[in-house]
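Data first, discussion second: the structure below is written as structure tokens.
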Amino acid sequence: MSEAALHLPAVPPSRAGAQRVRGESLVVRCLLIAVSLAFLALFLLLPLVSVFVEAGARGFAAYQAAITEPDAVAAIQLTLLVASIAVPFNIVVGIAAAWAIAKFEFRGKNFLVSLIDLPFSVSPVISGLVFVLLFGAQGYFGAWLKANDVQIIFALPGLVLATVFVTFPFVARELIPHMQALGSADEEAALTLGASGWRVFFAITLPNVKWSLFYGVLLCNARAMGEFGAVAVVSGKIRGLTNTMPLHVEILYNEYMGAAAFAVASLLAGLALVTLALKSLLEWRYGDAIAASRRH
Amino acid sequence: MTRSRLTRLVRAGLVLGAFSLCFGVVAGAKAQTELLNVSYDPTRELYREINAAFIADWNAKNAKKISTIRQSHGGSGSQARAVIDGLNADVVTLALAGDIDAVAQRSKKLPENWQTRLPNNASPYTSTIVFLVRKGNPKGVKDWADLVKPGLQVITPNPKTSGGARWNYLAAWAYAEKAFDKDEAKVRDYIGKLLANVPVLDTAARGATTTFTQRGIGDVFLAWENEAFLALKEFGADKFDIVVPSLSILAEPPVAVVDGNVDAKGTRAEAQAYLDFLYTPKGQAIIAKHYYRPRNREAAAPGDLERFPRLELVTIDAVFGGWAKAQAAHFGDGGTFDQLYKPAR
Amino acid sequence: MAAVLPTLRWREPSILPGFGIALGITLTALSLVVLIPLAALFLKAASAGPADIWAVATSPRTLAALRLSFTGALFAASVNAVFGLILAWVLVRYEFPGRRLVDAAVDLPFALPTAVAGIALAAIYAPNGWIGALLAPLDIKVAYTPLGVMVALIFIGLPFVVRTVQPVLEEMQGDVEEAAALLGASRWRTVFRVILPPLYPALLTGFVLAFARAVGEYGSVIFIAGNVPMVSEIAPLLIVIRLEQFDYAGAAVVATIMLLLSFALILAVNLIQAAARRRFGDV
């Protein structure tokens, strides 16, 4: 397993020389490239461009008005707030999970990994539904919550819970393979030299995996800010209060304010582009370190 | 470099997270006088103006000020479900009495006789269902009978989640009962054919409007009267025409204070005054301005009233024996909608 | 991997500390956020009683929605498998201007919020949209038909196959195919007999991941699907509609069916990966 870190370079060294011997003909090559680019243009580029085109359709003043309107500002703040709670939570849990799974051998480990992965394949709608079933007024804890005047669904805690559920695997999923690939030799050496457990973790493990951690956080954050299905179920859609940016996009879209909807959407698309840029930068500069964890 | 900086970063993240959590909880707890109006889909523009007028009115007269009135919109049935699940609505202003009945029965947060607490069955305005067609009415749609023509596309939302769609369905049913002299087999055949002409079933009225107007799907849109007028206003009268059928249904969208919530929040006076405001001349004038038919016609601007076409309106009580019966017979599990809605593959 | 000896210990001894606290945090968070809520779902579904569960599960509308979600996801994942493989191949093997940019762009569906993707795709593929207007004269409708569902599902599943196949392709040593070429095998034969077989596990993994993601997708689909029951209504939307109709148990039953299928899929992926690791080294 440890060889993974060795031969997953970002650019295979053999490419340039090999093409002479085993390349396809120029025609086939151009054809394949054309097919790929056409496919990407149709499915990726066009939607992205359309977001910005539609957002600017009514001019800059309208764009500015749409994103500075109080409900939009509240939605942006709420989205940032939810992400600022959900992401740190997932960082802590992700690191703990990666430590337990990558550094130790125990029974049921594969099963545990499957459980951590589970939210990836649960429909976002279900991720919201489960919290309605638990904490809704008709739910299992509904009566108790009402008696104690605690509001979870249709309030911030519900939004955070749904977001945490959806983004649960992201950090752990990036860290586990990387930590596994690194092995435990460094840590064991430090321990025998008398370092404390925490010191070993902060001085050796964390610096070693910091880029895959950052990478996981990046993906986790993008998903947390963009989540729609799960938060739609638990939000209640109160403007200015429980409306996150993606939900605000939907509301504007349904209010004949297409340009405004796309204006807010363009902020989210901008966030996506920044995420991609950072991610590519990471892969480019720290490709070797991250490549090991590049399997989703 | 990395160790201490990264440690600090992680710690900062944790502190930030904990802080924002506290902040969120505190902010939620100390909310001053703020009302939440949980409403159905097309009333967004109406309540935006009502809210501003009411807040000005209330704050001029009272020491305890209202800062904001929050709005939440969606399909009427979905909104009722959200209140039942604990959405903290001070008032509900939904598309039909059946949905507020459901809130009363399931959440016990308001008495079952809620409809007697305000004038006019607790409906400050009425509305009806009309047809919106493309400019010049290229398919020549004149009345309900035309909607079952083969190849015609009819847009209506899903009656299971949308209040407006239930009024659409019942209006069509009422027409068919009259046209076929209550011959149930023929009525069912008519409704079945009508539903077979529906290519898209959005979850709420506004989504259906978008489908018809912005996405260019369908030939006829069965719309709330106010929604049809709004579409003309938003997209220009050169794109669509309103067709008034020979008969339609008198829709009475009701409003109610959610007792359980206002008592917990201490907002009963404000919530009650808010709903009362809808019945005042000022409120009625705003209502008429947004294409809803006011109860008090004198209060409305004459120009606004002239816009409402005259047509025969039947009531749900007369034709269907009230909402409880209509809901169970047509929209419950296994009701006529479930039986008749079998679109072609 | 360490040889697993028949032993009564459930964990191998290690001098590293922190196993207890790390596993404790993991299990606590996992239980609170994921497992208990999912257990509530099963509990709710079970509370419906066998007859009702059967009625919900086999109602034509549920079956139609599940069929659409699963066949749609299958179709989208297949399209993604083919084009993802070509994309990965192009990105790894060829040099062309903007390659790095294209490589970065592949991850867009991971980063772009689904609601944004949904309204953008709906705007493009509607009859009056950029592509919809081109297709309208040919009488092809994409938005508000099952085809629209496919388009959205292809979009969100696009990176999975590329990202699972790409590393394996990069790792692949050239000498085997060179040998095949020198021995006189045609390029076509070399590709299908020598290059592709080691890629299959990664391809399958990417396919299943794209499939699993597409089955549950909601945000991007509802804007473009049209949401006609029995025709273009996906299973997650059916869950929402059941929920909005106060039918909590019905929603839970549909959700449980989807969940069990999804869990089986994830388990399959991990088994495939384990098997592939044994056979081909690290995938």
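Numbered from 1 within each chain, the chains take letters A, B, ... in sequence-line order.
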Can you name the nearest heavy-atom pair linking [X] to [Y], along with the distance?
X	Y	answer
A/F131	C/V33	CZ-O, 3.6 Å
C/P37	A/L134	CA-CD1, 3.7 Å
C/G216	A/P124	O-CD, 3.2 Å

Do [X] and [Y] have side-chain heavy atoms sitting under 4.5 Å apart?
X	Y	value
C/Y125	A/L46	no
C/F110	A/R223	no
A/L118	C/L38	yes
C/F19	A/K103	no
A/S50	C/W130	yes
A/L268	C/L112	no
A/L37	C/F96	yes
A/L112	C/L27	yes

Engaged part of [X] at the chain A interface, taking heavy atoms whose separation is under 4.5 Å:
X	value
C/L158	side chain
C/I222	side chain
C/A122	side chain
C/T114	both
C/V151	both
C/A117	neither

Contacting region of A/F201 [heavy-atom separation from chain C under 4.5 Å]: neither

Segment of A/L40 engaging chain C (4.5 angstrom heavy-atom cut-off): side chain

Leading residue by heavy atom contact count with chain A [cutoff under 4.5 Å; candidates C/L259, C/L43, C/V240]: C/L43

side-chain contact (heavy atoms from CB on, under 4.5 Å), paired with A/L115, selected from C/V34, C/T26, C/L35: C/L35

Could you list the donor-acceptor pairs under 3.5 angstrom formed by side chains in residues 93-102 of chain A, with sequence neighbours left out?
unit_1	atom_1	unit_2	atom_2	d
A/W99	NE1	C/P17	O	3.0

Rounded to the nearest 0.5 Å, what separates atom CD in A/E54 from atom CD1 in C/I124? 8.5 Å

Working to the nearest 0.5 Å, report the span between OG1 of A/T275 and CG of C/L108. 10.0 Å

Sequence neighbours left out, what passes ring-ring contact (aromatic ring centres under 6.0 Å, His included) with A/F43? Give chain and number order. A/F39

With a 3.5 Å distance limit and no angle check, can you tell me whether C/Y248 reaches the backbone of A/Q138 through a side-chain donor-acceptor pair? no

